[in-house]
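Scroll down for the structure; my scribbles are underneath it.
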Amino acid sequence: MVRMRGLLLPCAAAWQSLGAPDFLALRDGQKDFSDLPCLEDGLEPLDAEWAQRPFVLRKCRGLLDRQADLEREALLEAVSGTQQEVRVGYSWSIAQNRGEGPRKMPLEDYLRHEMQTGLYDGETFLEPKYAFDMGLKLPGMPGREAIPKAIRDWNASSFSADQAVTLQMLGAARSAVGWHSHGASVQMTIFGRKRWFLYPRGQYPWGDGPGGGFSLTDWLQLVYPTLPEEQRPLECVVEAGDVVYVPDGWYHAVVNLADTVAAPGCHLEVSFQSPQMALEPQEAFKAMSLQMVQGLWQEHPDQVKEIAEAAAAYLDQGLTNDLHARRVLFYCLMQMDPDKADKVILEGVARDPFHVPLQFELATWLAARAKEDDASALRRIRQLLPQWEPQLIANLRNQKAMWILNKFHRALGDEQTADRYFDRLVELNEKGIDR
């Protein structure tokens, strides 16, 4: 362990010498597994019902035939001396940036040096940079014509040239993209080995999902081991030449594992995504903010009551993914019935104790009231701190978690502990760990 500004963090050896650790590479001791149907390339067109099911097409010959032209040295030769740039990021920042790396850098620098470098927290290696770019056009990469006929014939409109969003991805082992969802997609792996995680439409990854933002490596170490079998994601491992189809609206995340092909340390993929995504059942609640509800309460209180009734009715259905409706009901009850408001959040936290954004909603309200010496808010903070602190401390790379601990300890008069969490919050911001 290494101590950092009063906080203990796990210590890891240099990542380059270890490859993908077991928590990334193995499931129950196995390195090869798939919960998805695995089909052979060259199938006759699939029935359109497959549009709602994820699956893998194995060893697509058209992808494997391209490897010679897309090896790392061939790419370096093609981009050497050019001004071409690429967008890079980490698993959480790519998800937060709507599916692209937030930072640009020269592609040649990335291929020569930066692909093998990454972000550390003290002595703990987090992730290498992952090139994830909608504008990247590497020479020799497959286009939409490479989408297998089995998919293309029943989903042609979604993946047509004037519709589909094209993403090219390039990264080293342990690079990853965190939990996100979008329209139906087809991802083709030219080089590398990848582990996929998926939740069906209408479900979300525990501890993450709407408003989450875990790094995938942290999620796999903190949240994943606590999940009972029925709450775990579907998973599969794919290799060079494999194609994964992901239906519309399915949450998914991916990590690159140790390479097994002729491009040492290099994972290369292309993805085609449909821009069409069906609305969520909670769509009406997604855009509602606290400020919007507060404004309505001043001018049209009856509308706030109607919104609260609709949100409560949604929660009564007992659906897995209810975070937007729960948040909006909390906003409404803050105006209508403050004594009941916190119970809405606490029910959600009891079900998903690692979902920090849900805790943050209540903590922000309690901290503001405690600052005004509200006795009931101070009592609630005193009650919640020992319940929440173990998960929040475990989530030391989440800025909202550190904010909650800082504000709660300060409200209870423990300035020294509050300052330690504030220092950690500043440190995360300076490092760019901005979850």
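Residue numbers run from 1 in the order of the sequence given.
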Once you round to the nearest 0.5 Å, how far does [atom1] of [X] lie from [atom2] of [Y]?
X: Gln399; Y: Met402; atom1: CD; atom2: CE; result: 10.0 Å
X: Asp32; Y: Glu239; atom1: CG; atom2: CD; result: 6.0 Å
X: Asp423; Y: Leu425; atom1: CG; atom2: CG; result: 9.5 Å
X: Arg195; Y: Arg27; atom1: CZ; atom2: CZ; result: 7.0 Å
X: His355; Y: Leu323; atom1: NE2; atom2: CG; result: 4.5 Å
X: Leu57; Y: Leu39; atom1: CG; atom2: CG; result: 5.5 Å

Just do the side-chain hydrogen bond (donor to acceptor under 3.5 Å, both in side chains) check on Glu114 and Thr117 with the steps written out, would you? CA-CA 5 Å; Glu114 296 295 328; Thr117 66; 3.0 Å; yes
Would you say the ring centers of [X] and [Y] fall short of 6.0 Å from each other?
X: Tyr199; Y: Trp250; result: no
X: His409; Y: Tyr421; result: yes
X: Trp50; Y: Phe55; result: yes

State whether the side chain of [X] and the backbone N or O of [Y] hold a donor-acceptor pair below 3.5 Å, judged by distance alone.
X: Asn398; Y: Ala401; answer: yes
X: Glu283; Y: Glu280; answer: yes
X: Arg53; Y: Tyr245; answer: no
X: Tyr130; Y: Val255; answer: no
X: Asn97; Y: Gly99; answer: no
X: Glu145; Y: Gly143; answer: yes

Around Gln317, counting heavy atoms of other residues, nucleotides and ligands shown, do more than 12 lie under 6.0 Å from its CD?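 Counting neighbours around CD of Gln317, more than 12 heavy atoms of other residues, nucleotides or ligands fall under 6.0 Å, so yes.
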Taking atom CZ of Phe285 as the centre, report whether more than 12 heavy atoms of other residues, nucleotides or ligands fall under 6.0 Å from it.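 Yes, the 6.0 Å shell around CZ holds more than 12 heavy atoms from other groups.
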Residue pair Arg326, Glu347: steps toward the salt bridge (Lys or Arg N to Asp or Glu O under 4.0 Å) verdict: CA-CA 9 Å; Arg326 189 172 295 279; Glu347 288 172 359; 3.5 Å; yes
Non-hydrogen atoms of [X] and [Y] that approach each other most closely:
X: Gln273; Y: Ser185; result: CG-CB, 3.7 Å
X: Arg174; Y: Ala20; result: CG-CA, 4.0 Å
X: Arg87; Y: Lys104; result: NH2-CE, 3.5 Å
X: Ile94; Y: Gly101; result: CG1-CA, 4.1 Å
X: Thr189; Y: Leu63; result: O-CD1, 4.0 Å

Full working for side-chain hydrogen bond (donor to acceptor under 3.5 Å, both in side chains) between Glu108 and Thr82: CA-CA 8 Å; Glu108 184 177 0; Thr82 71; 5.7 Å; no
Could you walk me through whether Arg351 and Asp322 pass the salt bridge (Lys or Arg N to Asp or Glu O under 4.0 Å) test, one step at a time? CA-CA 11 Å; Arg351 196 170 68 174; Asp322 64 8; 2.9 Å; yes
Give me the one residue out of Trp179, Tyr251, Trp206 that meets ring-ring contact (aromatic ring centres under 6.0 Å, His included) with Trp219.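 Only one of Trp179, Tyr251, Trp206 forms a ring-ring contact (aromatic ring centres under 6.0 Å, His included) with Trp219, namely Trp179.
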Any side-chain heavy-atom pair of Leu36 and Leu198 under 4.5 Å: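 Touching, per the 4.5 Å side-chain cut-off.
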Answer whether the closest heavy-atom distance between the side chains of Phe191 and Gln67 falls below 4.5 Å.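 Phe191 reaches Gln67 side chain to side chain.
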Are side-chain N/O atoms of [X] and [Y] paired as donor and acceptor at under 3.5 Å?
X: His182; Y: Gln276; result: no
X: Tyr331; Y: Gln294; result: no
X: Tyr204; Y: Asp352; result: yes

Does the side-chain hydrogen bond (donor to acceptor under 3.5 Å, both in side chains) test come out yes or no for Asn321 and Gln282, once each step is laid out? CA-CA 9 Å; Asn321 188 350; Gln282 294 185 91; 3.0 Å; yes
Tabulate below the donor-acceptor pairs under 3.5 Å that side-chain atoms of residues 220-233 make, not counting sequence neighbours, or state none.
{"unit_1": "Gln221", "atom_1": "NE2", "unit_2": "Thr217", "atom_2": "O", "d": "3.2"}
{"unit_1": "Tyr224", "atom_1": "OH", "unit_2": "Arg232", "atom_2": "NH1", "d": "3.3"}
{"unit_1": "Tyr224", "atom_1": "OH", "unit_2": "Glu235", "atom_2": "OE2", "d": "2.5"}
{"unit_1": "Thr226", "atom_1": "OG1", "unit_2": "Val223", "atom_2": "O", "d": "2.7"}
{"unit_1": "Arg232", "atom_1": "NE", "unit_2": "Leu227", "atom_2": "O", "d": "3.4"}

Could you walk me through whether Glu85 and Leu107 pass the side chain to side chain contact (heavy atoms under 4.5 Å, CB included) check? CA-CA 5 Å; Glu85 292 186 316; Leu107 177 57; over 6 Å; no
Is the terminal nitrogen or CZ of Arg144 (NZ for Lys, CZ for Arg) located under 6.0 angstrom from the six-membered ring centre of Phe272 and within 45° of that ring's axis?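 Here Arg144 fails the 6.0 Å and 45° test against Phe272.
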Go through Asp419 and Arg410 one step at a time and tell me if the salt bridge (Lys or Arg N to Asp or Glu O under 4.0 Å) criterion holds. CA-CA 8 Å; Asp419 285 345; Arg410 203 170 300 284; 3.0 Å; yes
From CA spacing to verdict: salt bridge (Lys or Arg N to Asp or Glu O under 4.0 Å), Lys59, Glu40: CA-CA 7 Å; Lys59 301 300 178 188; Glu40 293 184 8; over 6 Å; no
Within residues 66-86 or reaching into it, pairs that qualify as ring-ring contact (aromatic ring centres under 6.0 Å, His included) - sequence neighbours excluded: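 Matches after skipping sequence neighbours: none remain.
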Any chance you could lay out the side-chain hydrogen bond (donor to acceptor under 3.5 Å, both in side chains) test for Ser175 and Asn256, step after step, and finish with the verdict? CA-CA 6 Å; Ser175 57; Asn256 293 317; 2.7 Å; yes
